[in-house]
Asks: 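Take a look at this one; I'll ask things after.
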Protein chains: 2
Amino acid sequence: MRKRVGNKEQAILDAAVKVFALHGYHHAKISTIADQAGVATGSVYLYYKNKEGILLTIFDRLWAELTEGLRVIVKRSDIDATQKLDLVIDKLFELFIANPALASVFVNEQQHLIKERRGNIARQYDDFLNLAEEIIREGVRENKFHPDVDIKLFRQFITGGLRSVLLLWSEKSQTLTLHRVRQNVKYFIKHGLL
Amino acid sequence: MRKRVGNKEQAILDAAVKVFALHGYHHAKISTIADQAGVATGSVYLYYKNKEGILLTIFDRLWAELTEGLRVIVKRSDIDATQKLDLVIDKLFELFIANPALASVFVNEQQHLIKERRGNIARQYDDFLNLAEEIIREGVRENKFHPDVDIKLFRQFITGGLRSVLLLWSEKSQTLTLHRVRQNVKYFIKHGLL
DNA sequence: ACTATTATTGAATAGTGATTCATTATTCCC
DNA sequence: GGGAATAATGAATCACTATTCAATAATAGT
C-alpha cells in the first residue's frame, strides 16, 4: 500500500483559483495548474473529473460557505434588517480578504455555470438570493426599508454592484483598503447618492 | 469584376452577437456564426481578422456609441447632475431595448478584453468611466450629491449594478418591462434602500 | 460571349490543450 | 527484503474547432 501524502486535492484547488484568476478559466491550462500545485499533469485527474469539475468544486464550496453564513444571519432575532444587511456585506468581504484571487474567479467565471445549470451551483445561487430577499422583505415589513422597491431588482442590483466593487478591490488591493470599500458600499446601499 | 451584394460584414456582426449571447464567446463556433449570417465559414475571414476581431468590433462600436452619447450629456449646461444621471441611464437602456442579446454580450464577455487591454476597448472604457465620474463630481460640487462618497467606488458599484440588472432583463424581457427596471434603478441610485 | 477581376465557398489543415494510460515510484505489511 | 497495493507521472493520444486556401461562382466591362 501507499499513503497519499499532503493534501493534493486542496493544493490543486488552490492552484486553480490562482491560475483561473490570472488567465481566466478558458485560457488556464491544466498543466499550469498542475505545476503551480506541484503535481504532475495527470495527477489532476486523480482528484477531479475534468477541468470543469475543478471550477464546479470551487463554486460549490464558495456558495456553501456563503449560503450557510447568510442562513445564520437571517435567522437571528436580536437584530433588525438593517443590521443584517451590514452583516451580509461583512461576511462577503471577509471571505475575500484572505484570498483576493477567489474574488476574481467569483466575479468572472460563474456566468456560464449558472446559465447552463451545471452542478448545483444554480440551486445554491438561488438559495442565496432567496435568503437575501428575505432580509429585504423583512426590512420592508418593518418599515425600515422603502416599500416601493422591486425586491428582485434591488437584490440583483446590489449583488452586481458588490461583485464589481470586489473585482476592483481584488485587482488593486494595494491602494484600496477593504475597510474603505466596505464602508462605502454600506453607505451606498442604504442612502444612495443623494 | 464582382460586386459585394448585401452587407455581409454587418450580417456577421449581428449573427455573432446572437451566438455569443446564446453560447458565450468561448463556446461559440465560427461555423455557427457563419450559418446564422447566411454565409460560408470561410467568408467570415474576409471581413474579420479572426474570432477575437469580431468581439473587438462589437465592443468598439458599442463603447463608441455609449461614450459619444455620454459626452453630449456631460457637456449640457441646461440641466443639473441629477438629471444628467437619469439621462445616462436612459441612454444605456435605450441601446439595449432593440437588442437584448447585446446586453448579454456586454455584461459577460468583456472582462478579459479589458484586462488584456486588447484593441482600444480599455481606453474607451476608461473614457466612459471618466465621463461618468465628471457627472458625480459635478453633483458633489453643487451639493446635489453626498460629498463623502468615494467617486471611483461609487462609479464602479453603479456600473456593476446596472450591468447585472440589464442581464436579468435581457434574459427575462417577457416578464420585466424595461420601463419598470429603469424606474427602479434610478430610484436605487439616488435614494438607496432606506 | 468572352475575359478579367473579385467574391465566396467549404473541405482540408493545423494548433492547441484536455484527457488517457502504460509505466514507474512509494509505502505498507509480513 | 520482498511483494502487494496504491499513488503519481508525463508523454502520447484525441477531440475540437479556428483558420487557410485551392477551387468555383458571380459580375462588369468590352
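Residue numbers begin at 1 in each chain, while the letters A, B, ... track the order of the sequences.
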Asks: Between side-chain atoms of residues 15-31 of chain B and protein atoms elsewhere (two or more places apart, or another chain), which donor-acceptor pairs fall under 3.5 Å?
Replies:
residue, atom, partner, partner atom, Å
B:Tyr25, OH, B:Glu52, N, 3.2

Asks: With salt bridge (Lys or Arg N to Asp or Glu O under 4.0 Å) as the rule and sequence neighbours excluded, what pairs involving residues 57-67 of chain A come up?
Replies: A:Glu9-A:Arg61, A:Glu65-A:Lys91

Asks: Return yes if some donor-acceptor pair links the side-chain N/O of A:Ser164 with the main-chain N/O of A:Gly160 below 3.5 Å, else return no.
Replies: no

Asks: Check whether B:Gln83 reaches the backbone of B:Asp80 with its side chain - one donor and one acceptor, N or O, closer than 3.5 Å.
Replies: yes

Asks: Checking side-chain polar atoms at under 3.5 Å, does B:Asp14 have a donor or acceptor matched by the opposite partner on B:Gln10?
Replies: yes

Asks: Between side-chain atoms of residues 68-76 of chain B and protein atoms elsewhere (two or more places apart, or another chain), which donor-acceptor pairs fall under 3.5 Å?
Replies:
residue, atom, partner, partner atom, Å
B:Arg76, NE, B:Asp78, OD1, 3.1
B:Arg76, NH2, B:Asp78, OD2, 2.8

Asks: Mind checking ring-ring contact (aromatic ring centres under 6.0 Å, His included) for A:Phe157 and listing every partner two or more places apart, or none if nothing turns up?
Replies: B:Phe188

Asks: Between residues 39-57 of chain A and DNA chain C, which residues have a heavy-atom gap below 4.0 Å?
Replies: A:Thr41, A:Gly42, A:Tyr45, A:Asn50, A:Lys51

Asks: Using a strict heavy-atom distance below 4.0 Å, which residues from residues 25-35 of chain B are in contact with DNA chain D?
Replies: B:Ala28, B:Lys29, B:Ile30

